**Q** 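The structure under discussion is supplied below as structure tokens; questions concerning it will follow.
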Amino acid sequence: MFTLFTLLLVILTVFYILKTAEVNNGRKIAEKKYAETKVEKFKSPQALTKLSILPLIDSESAGENLKTENGVSYLVQADDKQILLDIGFNKGKEHPSPLLHNISELGKSFDEIDTLVFSHLHLDHVGGMAEQKAGKFSLSQGKVETPDIPVYAPAKLSPSAFNPQFKNITISQNPTEIAPGIYTIGTIPRQLFLMGYIEEQALAFNLAGKGIVIVIGCGHQTIQKIIERTKALFDEPIYAIFGGLHFPLNGTTFFSKIQYLLGSDHPPHQGLSKKDLFDAIESIQAENVQMVGISPHDSTDWSIAQFKKAFGEKYIKMKVGKEILL
Ligand SMILES: [Zn+2]
Ligand SMILES: [Zn+2]
């Protein structure tokens with residue numbers, strides 16, 4: 001018995017030491033890649049006159065008819081274009097998926113969506129765990145007919161057998177204009193403990209008379225780097241920031257505690273701290289951002305309460321089915 005316990009302890013210790021070495025090394029590689037990536041300003045970016053964000057998947061909703069889950073899908077209406085950022089988790093492997101259910105409940109349709117963008121290739125953004133492992137994405141766990149619209153992915157990605165129609169997939173590691181006034185800021189790398197290396201991109205919209213609106217998936221990049229990259233791409237001020245920033249702090253549920261282990265680029269004994277959260281808030285305040293909304297899918301109630309306190313009337317709740325007008 002004692003021997004078995006000792007063996008287990010040795011295995012766990014070796015695992016922890018190896019994972020710590022991996023995350024420390026990976027963090028240096030990611031930092032180096034980020035520092036070496038040079039980007040150029042977008043020349044005279046077109047200004048949009050109309051912009052709204054409708055969360056289709058997140059962990060809170062505005063109506064009982066809408067499904068919630070720990071994932072993200074946001075539909076952005078920018079003038080006459082509809083951009084879908086991420087497609088949720090579908091943890092229960094349902095068909096129709098929570099995404100399809102909510103799209104239909106909200107009177108929306110895939111026929112109207114112009115572009116599909118993936119922030120990063122984690123399970124809660126590509127429609128499932130099997131999808132993440134296979135480097136694929138699924139809108140649902142059954143056949144879904146949609147037009148073959150352009151897809152922007154942060155790394156190699158292909159459609160699953162449930163939606164093979166997507167043929168036009170661009171890997172947008174560099175900042176790219178998706179349509180006039182609509183941009184991806186390009187990928188920013190991060191090495192996460194257990195979850196490994198990840199490249200994540202965020203969307204930027206240039207709203208006339210106001211400035212840049214940033215829409216984020218999980219926020220593994222860190223908001224500081226997202227802001228730095230955005231400022232390197234645009235002369236316009238940052239007007240609003242919406243989406244996940246990944247602050248599973250002071251959590252009460254098992255899931256949020258696991259998230260804490262998965263989501264940091266340091267080993268758990270030096271992991272995510274309250275200081276990281278307050279530094280993030282400060283970096284947003286330094287830009288005089290006028291609207292802020294944090295996704296509850298990867299941040300705890302406690303963390304979101306800190307944002308609400310810091311931004312007061314400028315804070316906007318993010319809920320499935322509640323359209324945010326900018
Ligand atoms: Zn996420
Ligand atoms: Zn993620």
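Computed from a prediction, not measured in an experiment: that's the story for all the values here. One is the number of the first residue; the rest follow in order along the sequence. Order of appearance sets the numbers: ligands from 1, and atoms from 1 within every ligand.
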**Q** Closer than 2.8 Å to the Zn ion (ligand 1), how many protein N/O/S atoms do you count?
**A**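 Considering protein N, O and S only, the Zn ion (ligand 1) has 4 within range.
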**Q** Before we go on, tell me: are the rings of H297 and H246 under 6.0 Å apart, centre to centre?
**A**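 Centroid distance H297-H246: not below 6.0 Å, so no.
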**Q** Counting the benzene-type ring for Trp, do F242 and Y74 have ring centres under 6.0 Å apart?
**A** no
**Q** If you check every N/O/S atom of H220, which is the one nearest the Zn ion (ligand 2)?
**A** NE2
**Q** Measure the acute angle between the ring planes of W302 and F278, then classify it against the limits of 30° and 60° as parallel, tilted or perpendicular.
**A** perpendicular
**Q** Could you check whether the rings of Y183 and F234 sit parallel, tilted or perpendicular, using 30° and 60° as the cut-offs?
**A** perpendicular
**Q** In a check of side chain to side chain contact (heavy atoms under 4.5 Å, CB included) between L51 and each of I182, L207, I324, N206, which one passes?
**A**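 Passing option: L207.
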**Q** Check the angle between the aromatic planes of F307 and F247 and answer parallel, tilted or perpendicular using the 30° and 60° thresholds.
**A**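 Rings of F307 and F247: tilted, as their planes differ by 30° to 60°.
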